[in-house]
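Worth saying up front: this structure is predicted, and the values here are computed from it rather than measured. Order of the sequence lines fixes the chain letters, A, B, ..., with proteins taken first and strands second; residue numbering starts at 1 for each chain. Only this structure's heavy atoms are used, side chains among them; waters, hydrogens and symmetry mates stay out.
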There are 2 protein chains.
Amino acid sequence: MTRTPLSGVACSIARATDLFGDAWTALIMRDVLVGVTRFDDLAEDLGISRKVLAARLARLVAEGVLVRERYQERPVREHYVATEKGRELYPVLLALMNWGDRWYAGESGPPVRLRHLGCGELTSAVCACATCGEPLTADDTLELPGPGGRTGPGTQVLGRLLKSRAHG
Amino acid sequence: MTRTPLSGVACSIARATDLFGDAWTALIMRDVLVGVTRFDDLAEDLGISRKVLAARLARLVAEGVLVRERYQERPVREHYVATEKGRELYPVLLALMNWGDRWYAGESGPPVRLRHLGCGELTSAVCACATCGEPLTADDTLELPGPGGRTGPGTQVLGRLLKSRAHG
DNA sequence: CGTGCTAGGTTCCTTGAAGGAACCTCACCC
DNA sequence: GGGTGAGGTTCCTTCAAGGAACCTAGCACG
C-alpha cells in the first residue's frame, strides 16, 4: 500500500496530516495531553494493538512531538509526555472535538466539557482571526499563495487556482 | 486490517477522526473548500488513486459533509460542494495549517497565506476560549466528564481519570 | 455515422500495514 | 526462585491503498 508520502508537499495541511492524519495518532495525543501517558494505559484506553501503539509512539517521538521520559527509577518506569510541538497540537484536537460535539453529540450532550482555567468558565474553543479576533469561517477567508509556495506534487490544480486568484 | 471503528466511542475526537483521521480526507476537504471541486481536478491535484478518491468522496457524501451537485446540464457535469457540516471542518484545517506552518515551514515562509475578508488583513487562525476570547492551550484547560459521557471502548482509562478529576 | 475527446468513474492485481494474540525480558517482591 | 507488572516484539492473517488499465455516456466534428 505504501501510503503516499505527503511530507514533501508544499502545503502545511499536507505536512500536518502526514503525521496526524491517522485515526490513532489524534487519539494518542488526546490521551497524552489529558494525562494518559503510559504504554499499558494507552493500550487499554484505546483498545489499540500493542504493536501499532509502539509504532505510533516511536513515530511521534521521532517527530519530536512526544518524548519518552523516566518517571521512576526503581523499578525503571517510563512514559510519554508531549513536547511544545506536541502541546501545540491541542488546538487541532479542540477543533476536532468541537466539530464532533456539534454534529455527533446525542441528546444527552457532549461527552466531555472543557473548563478554561484562565477565566474559570466552562467553554468551547472557537477558531478566531489572530488580527481582529472575530471568528473565522471558510466563507470569509481567502487563501493566497505564500512565500514558501512551490506548486509541487499535491497542489497541481490548487497552485494554479491560487495564482489566478492572486492576479484576478 | 479492518480499521477499528471508532464511531461508537464516547469521545467527539474519536468520532471526528473516524471520518477525518485519514490523510486524504483532510486534503480533499481543503481542496473542496478552496475551490477544487471536480473529480478529475481533485485526482490530478492530490495525486490520489482514482479508486480511493471515489471511495472517499462517496464516504464524505454519505456522511453529509459533501454533496454531489450538477453544475452544467449539457453535457451533464457534476462536482462536489461542502455542506454546512463540511464547511465547519474549516477550523480543523486551519488548526492543522497553523501547526504545519509553525513547525514545518522552511526559511521561505509558509506556502499559503490567509486573508480575512472581515477585517481585510493577512492573518492566521488562533484557537480561543469562546467565553473570554483568550487563546486556549493544553496547559490552561481542564477536561471534565460531560453529560453525554459514558465510559465506553476507547475511553477506559480516560473515563476513570476524568471521573477522579471531577471528584478531586 | 464513425471516430475522438472529456468527465467521471470501475475493475483487476499486488503489496504492505492493521489487528490480534502469544511471547519475551527485565526488575522487583516475597 | 516463582510470581507479577511494565513495556514492548514476533508471528500470522486479512483487507484496503496504490497503480494502471478499462469502461460509458454525451457531445462534437468532418
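An OP1 or OP2 oxygen of C/dG8 is reached within less than 4.0 angstrom by no side-chain nitrogen or oxygen of B/Arg70. The phosphate of D/dA17 (OP1 or OP2) has a side-chain N or O of B/Arg56 nearer than 4.0 angstrom. For the OP1/OP2 pair of C/dA7 and a distance below 4.0 Å, the side-chain nitrogens and oxygens of B/Tyr80 include no atom meeting the criterion.
Per the geometry, CD belonging to A/Gln72 stands 10 Å off P belonging to D/dA6, to the nearest Å. Following rounding to the nearest Å, A/Ile48 (CD1) and C/dA21 (C1') show an atom-to-atom distance of 15 Å. Straight-line distance from the CD atom of B/Glu78 to the P atom of D/dG26: 12 Å, rounded to whole Å. In this structure, B/Ile28 places its CD1 atom 15 Å from P of C/dG8, rounding to the nearest Å. The separation between B/Glu69 atom CD and C/dA7 atom C1' is 17 Å, rounded to whole Å. Whole-Å rounding puts the B/Glu73 CD to D/dG26 C1' distance at 13 Å.
Remark: the A/Arg50 side chain and the D/dG7 base include a donor-acceptor N/O pair separated by less than 3.5 Å. Counting distance only, with no hydrogens placed and no angle test, the side-chain atoms of B/Lys51 and the base atoms of C/dG9 include no donor-acceptor pair under 3.5 Å.
Ion pairing between A/Arg50 and A/Glu44 fails under the 4.0 Å rule for side-chain N and carboxylate O.
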Expected list for residues 123-135 of chain A: side-chain donor-acceptor pairs under 3.5 angstrom, two or more places apart:
from, atom 1, to, atom 2, distance (Å)
A/Thr123, OG1, B/Ala130, N, 3.2
A/Thr123, OG1, B/Thr131, N, 3.3
A/Thr123, OG1, B/Thr131, OG1, 3.2
A/Thr131, OG1, B/Thr123, OG1, 3.2

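Checking D/dG8, C/dG19, C/dG8 against the side-chain heavy atoms of A/Trp24 singles out C/dG19 as nearest. Set against D/dC27, D/dA6, D/dT9, the side chain of A/Asp40 has D/dA6 as its closest nucleotide. Checked against D/dG7, C/dG19, C/dT6, the side chain of B/Arg77 finds its nearest nucleotide in C/dT6.
Donor-acceptor pairing under 3.5 Å is recorded for the side chains of A/Thr141 and B/Tyr90.
For the pair B/Pro111 and A/Ser12, the tightest heavy-atom approach, listed with the atom from each and the gap, is CD-OG, 3.6 Å.
The aromatic ring centroids of B/Trp99 and A/Phe20 lie 6.0 Å or more from each other.
Of the two residues contacting DNA chain C, namely A/Val76 and A/Ser49, the nearest-nucleotide position lying further toward the 5' end is that of A/Ser49.
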